[in-house]
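All remarks here apply to the structure that follows.
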Amino acid sequence: MIGVFKQKNPANAFVLLIYALILKFPVFLNYPAPLRQEEDNYLYKLLLNILAPIGGKEGILYGMLAFIFLFLQASLLNRIANTIRLLPRHNYLVGMAFLLVSSLLPEWNQFSSTMIVNFLLTWIFYGMSGWYNNNRPLSAIFNISLLVGVLPLFYKPSVAYIVLILLAIIITRPMRIGEWVIAIIGFLSPYYFLLIILFLTDQLEPGALAPMVNFHLPRIPSSLWVTGGILLMVAPFLTGAWFVQDNLTKMLIQVRKCWSLLLSMLLVGLLIILVNPGNNYQHWLLCITPIACFHAATYYYPANRWFPVVVHWVIFAFAIIVNYFPHLT
């Protein structure tokens, strides 16, 4: 499969769909319910209320939505990676890696607020990657900051992504106070409109909008299978990071900045894990977009063909077992 997805072939878009169906088919076997968490916020609850008359409290609709979100994000992330030349040649490795990584823990295939936030993060990354040489930086920064400000209205701990905005400005732009001010205004704008709506509908509870910040150690894996999934996520990431670092001098400045943005996104995702330990691994989902890109580097750069092939099939076999045979795990 590495050889297939490493080629620039339009037919690979269809192959990627088949690959996604093989990995994600278990979401259609059961009738999953959308995940409800304590950290869910207004927009996600509103979305579930809208979908409830159509799909009920649980049903195949939510499985279909989860598959659509994951496949669209894989395709979108792959297209973005090719557009910004994240890897030297066009390929479908990033999309393949995203589908593979997102299958390491079965709960990541459940429709949730974190899935929506993770999907929006792909658009945010693409927008930030264009800040470096944008002719109208203020409008671009405001638009992306506005989108980042929407994230906490789906999932409360996503307020931490204001740190990503600041890091992205440092990485991509020269020091200009006006751009920082515009970014903060853009981030706060969704809250401004939400406060107006809640005030007019007499539902304003200021305490509910303030995020609770408490630092905790990450949750200890509950089983050896969870530990295995985390190891298969981390080990290829570290390998890919080494290959990226080794080839950094051959990359254009803009591409280097894009890899730095991915690392910044990963750091904020890890910050959310520390702030919000939770009772599951849903918030870990917010780290898989940058991790998938580094996984793709692990499949692309090695000179020995057997190494990426072995890594891929080991992860693929693990994903099949944990998703198709949950009783064994």
Side-chain angles (χ1 to χ4, degrees), residues 1 5 12-37 39-40 43-45 47-78 92 94-122 154-155 221-223 225-226 228-230 232-233 278-289 291-292 295 312-329:
M1 295 304 294
F5 287 119
N12 281 348
F14 179 73
V15 178
L16 190 67
L17 175 61
I18 301 300
Y19 190 82
L21 285 171
I22 294 173
L23 286 171
K24 307 296 184 182
F25 190 72
V27 303
F28 302 106
L29 297 179
N30 303 312
Y31 294 101
L35 185 64
R36 299 177 186 269
Q37 306 174 87
E39 298 84 5
D40 295 339
L43 290 185
Y44 181 68
K45 294 176 182 177
L47 178 61
L48 292 185
N49 290 336
I50 293 173
L51 293 175
I54 305 172
K57 293 184 177 180
E58 60 181 31
I60 195 170
L61 172 65
Y62 301 105
M64 292 178 62
L65 287 175
F67 176 81
I68 290 171
F69 266 104
L70 291 170
F71 178 71
L72 284 180
Q73 184 172 358
S75 301
L76 178 63
L77 184 61
N78 193 87
Y92 287 80
V94 174
M96 182 205 76
F98 178 85
L99 292 171
L100 206 53
V101 173
S102 63
S103 301
L104 288 175
L105 294 182
E107 62 191 80
W108 288 347
N109 296 323
Q110 190 173 5
F111 185 72
S112 64
S113 56
T114 48
M115 179 177 288
I116 297 174
V117 168
N118 193 44
F119 179 80
L120 294 176
L121 282 174
T122 304
F154 283 101
Y155 183 65
S222 56
S223 71
W225 289 98
V226 174
I230 294 174
L232 290 176
M233 181 172 61
N279 55 6
N280 54 37
Y281 296 94
Q282 276 294 327
H283 49 304
W284 292 55
L285 182 65
L286 302 177
C287 295
I288 70 171
T289 297
I291 286 177
H295 273 232
H312 167 264
W313 286 116
V314 168
I315 299 177
F316 184 86
F318 182 91
I320 292 295
I321 293 173
V322 297
N323 284 280
Y324 280 85
F325 309 102
H327 57 283
L328 297 178
T329 61

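Looking only at distances, no side-chain donor or acceptor of His295 sits under 3.5 Å from a matching main-chain atom of Phe98. Put simply, the side chain of Asn49 gets close to the backbone of Lys45: a donor and an acceptor are under 3.5 Å apart. At distances below 3.5 Å, at least one donor-acceptor pair connects side-chain atoms of Asp40 with backbone N or O atoms of Gln37.
Across all non-hydrogen atoms, the minimal contact from Gly95 to Asn78 is N-OD1, 3.0 Å. Heavy-atom minimum distance, Ala20 versus Leu99: CB-CD1, 3.6 Å. For the pair Pro34 and Tyr44, the tightest heavy-atom approach, listed with the atom from each and the gap, is CB-OH, 3.9 Å. The two residues Gln282 and Leu35 make their nearest non-hydrogen contact at CG-CD2, 3.1 Å. Looking at every heavy atom in both residues, Phe111 comes nearest to Ala66 through N-CB, 4.0 Å.
Within the 4.5 Å cutoff, the side chain of Leu104 has no heavy atoms near those of the Ile288 side chain. Residues Leu23 and Leu100 meet the side-chain proximity criterion, which asks for heavy atoms closer than 4.5 Å. Side-chain contact between Ser112 and Tyr155 is absent, with no heavy-atom pair separated by less than 4.5 Å. Ile230 places a side-chain heavy atom less than 4.5 Å from the side chain of Trp284. The side-chain heavy atoms of Thr289 and Gln73, taken from C-beta on, include a pair separated by under 4.5 Å. At least one side-chain heavy atom of Leu47 sits under 4.5 Å from a side-chain heavy atom of Ile116.
Between Phe316 and Trp313, the two ring planes are perpendicular [angle over 60°; tilted spans 30° to 60°]. Relative orientation of the Phe69 and Phe119 rings is perpendicular, given thresholds of 30° and 60° on the angle between their planes. Classified by interplanar angle (parallel below 30°, tilted 30° to 60°, perpendicular above 60°), the ring pair Tyr19/Phe5 is perpendicular.
Atoms CH2 and NZ, from Trp108 and Lys24 in turn, are 9.5 Å apart once rounded to the nearest 0.5 Å. The distance from atom CG of Leu16 to atom CZ of Phe71, rounded to the nearest 0.5 Å, is 5.0 Å. Distance check: Asn323 CG to Ile22 CD1 gives 12.5 Å after rounding to the nearest 0.5 Å. The structure places CG of Leu285 at 9.0 Å from CD of Glu107, a figure rounded to the nearest 0.5 Å. Note that CG of Asn12 is 12.5 Å distant from CG of Leu17, once rounded to the nearest 0.5 Å. Here CE of Met115 is found 4.0 Å from CG of Leu70. Values are rounded to the nearest 0.5 Å.
Considering Tyr281, Phe318, Phe325 as possible partners of Trp225, the one that fulfils the ring pair (Phe, Tyr, Trp, His ring centres under 6.0 Å) test is Phe318.
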List the steps, then state whether side chain to side chain contact (heavy atoms under 4.5 Å, CB included) holds for Leu120 with Phe154. CA-CA 11 Å; Leu120 294 176; Phe154 283 101; 4.2 Å; yes

Please assess Ser103 against Asn109 for the test side-chain hydrogen bond (donor to acceptor under 3.5 Å, both in side chains), listing each intermediate value before the final yes or no. CA-CA 7 Å; Ser103 301; Asn109 296 323; 4.7 Å; no

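Inspection of the Glu39 and Thr114 side chains reveals no N or O donor paired with an N or O acceptor under 3.5 Å.
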